[in-house]
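Both backbone and side-chain heavy atoms feed into the values below; hydrogens, waters and symmetry mates do not.
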Number of protein chains: 4
Amino acid sequence: MFIEINFESNKPIYTQLVEQIIAGIAKGDLQAGERLPSVRNMAEDIGINMHTVNKAYQELRDRSFILIHRQRGVVINPQGVPKADEKYISILSEQFHPLIAESICRHLSKDKIQKIVTKIYESYQTKEGE
Amino acid sequence: MFIEINFESNKPIYTQLVEQIIAGIAKGDLQAGERLPSVRNMAEDIGINMHTVNKAYQELRDRSFILIHRQRGVVINPQGVPKADEKYISILSEQFHPLIAESICRHLSKDKIQKIVTKIYESYQTKEGE
Amino acid sequence: MFIEINFESNKPIYTQLVEQIIAGIAKGDLQAGERLPSVRNMAEDIGINMHTVNKAYQELRDRSFILIHRQRGVVINPQGVPKADEKYISILSEQFHPLIAESICRHLSKDKIQKIVTKIYESYQTKEGE
Amino acid sequence: MFIEINFESNKPIYTQLVEQIIAGIAKGDLQAGERLPSVRNMAEDIGINMHTVNKAYQELRDRSFILIHRQRGVVINPQGVPKADEKYISILSEQFHPLIAESICRHLSKDKIQKIVTKIYESYQTKEGE
DNA sequence: GTGGTCTAGACCACC
DNA sequence: GTGGTCTAGACCACA
């Protein structure tokens, strides 16, 4: 599992970390129950502050992607990530909305958007089968 | 054109304003060439500061959604918004990525995601035909 | 002498008017002693406010391009525009400075800049010989 | 890097700041990757408001002269400024036009203008070689 | 400590 | 009346 932080991005580092770990789970690179490096190690590995890693882990825990045990360290949620419910779909829709609105203004067809989404979806799926 | 700001949201007010105006254009509520309220009127209408509205307008101008005339106010770009190009699609994809990754973790099927996208897309399209 | 105002430009209308009249003189379209339309007529012709034309004429007079007679109307300075002096060259240099600085940052060679300047210069000269 | 603001000028303060920083880059006083003072420090140094500095920095960022890191401050674009393209040359030409038109009216020869341009160009170049 | 956001209130240029 | 600029001071997110 490689983490790559773009320090030039205006996306906060902890957010990049959160997203890359989620991407790792989506791809199957990180399996349920698998251990993640400790806050300290992760921070060293990628050359960022411990607090930043901690913030990312806290968020991942709050969103049920990981469990943090005082002794046993950090593991990908062995139960798997909770399935999408109505609430999640509602939040997801809210996030999609502005993207799709702008796409419509820019005359992107529904099909074209679907194709983009499919392409992204499958970029995760293919790896999941490994 | 109704604007509704959620002051509790962690999304900046000016961003909410930007997104709602883009949504208005996508829906066809705001037509090319149509005038938008002056910064001061808009600010008063929605109970926020003039500068916050101005910041939203500046961003919309930078992204070619509107034109700002020094004395004659603000209008929706009469030329229409520039069509999606490779660069836009690349940015759009980057924005979709983390959303789709999480959806996969939560076992949302490709079809289900497509349905959500379609529903949102059509929520704009139907109004555009009015 | 055609005046074309770009109402979408963020350059003030009166400035556009000033610049186009100067361009007209440079090209030889407007000869020393030639009459310009009255404030009222000019305003009507190009569909702008009288005050705006007036402001442009005032500036042209201040910069010695035109004379404004209460009775005889507005004429291109029959003496010709005063020749460049040290002061003018100093002002001109100040205006060139930021353009050239940015060009250097963008790795435009001196030759290339010279070519651009020559091209512009000659675009006026050719017409002057008509 | 000395910044000198003319508070009497009708040129906005933030524009003066933008131009002086670009001049600094052109001269080689500011190297790619070099840090600029924080908005607050810069503001204090030159006795203006933080927001005015911020506006200048935002413009420099939009024009790719600098990168702004949320927490780590502001640096000259380590990649260097993007090279001049057709679009830039077109904008540059538009800016040259009125200056050259007036120069022609004032009987400045093409050679004299070229000399002025050369002088300015070399005033940056010589320092760059230091 | 860094920039980002928001508010409030002022003056100015343009039309 | 319109947006543009500038100031002043506040709170927040990030690291």
*asked:* Please list, in numerical order, the residues of residues 46-57 of chain A that have a heavy atom closer than 4.0 Å to any atom of DNA chain F.
replied: A/Thr52, A/Lys55
*State whether B/Gln58 places a side-chain N or O below 4.0 Å from either non-bridging phosphate oxygen (OP1 or OP2) of F/dG4.*
yes
_By nearest atom, which of the nucleotides E/dT2, F/dT2, F/dT5 is closest to the D/Tyr14 side chain?_
F/dT5
*Take the protein atom CG of D/Leu17 and the nucleotide atom P of F/dT5, then report the distance between them rounded to whole Å.*
14 Å
*Mind checking D/Arg72 for me? I need base, sugar-phosphate or nothing, with any heavy atom below 4.0 Å counting as a touch.*
nothing
*Is C/Asn10 touching bases, backbone alone, or none of the nucleic acid, heavy atoms closer than 4.0 Å?*
nothing
_Keeping C/Tyr14 on the side-chain end and C/His51 on the backbone end, is there a donor-acceptor pair under 3.5 Å?_
no
*Rounded to whole angstroms, how far apart are CZ on A/Phe7 and P on E/dG3?*
18 Å
*asked:* From CD of D/Gln71 over to P of F/dC12, roughly how many Å is that when rounded to an integer?
replied: 15 Å
*For residues A/Tyr57 and A/Pro37, report the shortest heavy-atom separation together with the two atoms involved.*
OH-O, 2.8 Å
*Between C/Ile5 and C/Gln20, what is the shortest heavy-atom contact and its length?*
N-NE2, 4.4 Å
*D/Arg70 CZ - F/dC14 C1' separation (whole Å)*: 8 Å
*Dot-bracket for DNA chain E, 5' to 3', with Watson-Crick and G-U pairs under 3.5 Å, [ ] for crossing pairs and | for other-strand pairs: what is it?*
||||||||||||||.
*Over how many whole Å does the gap from D/Met42 atom CE to E/dG1 atom P extend?*
19 Å
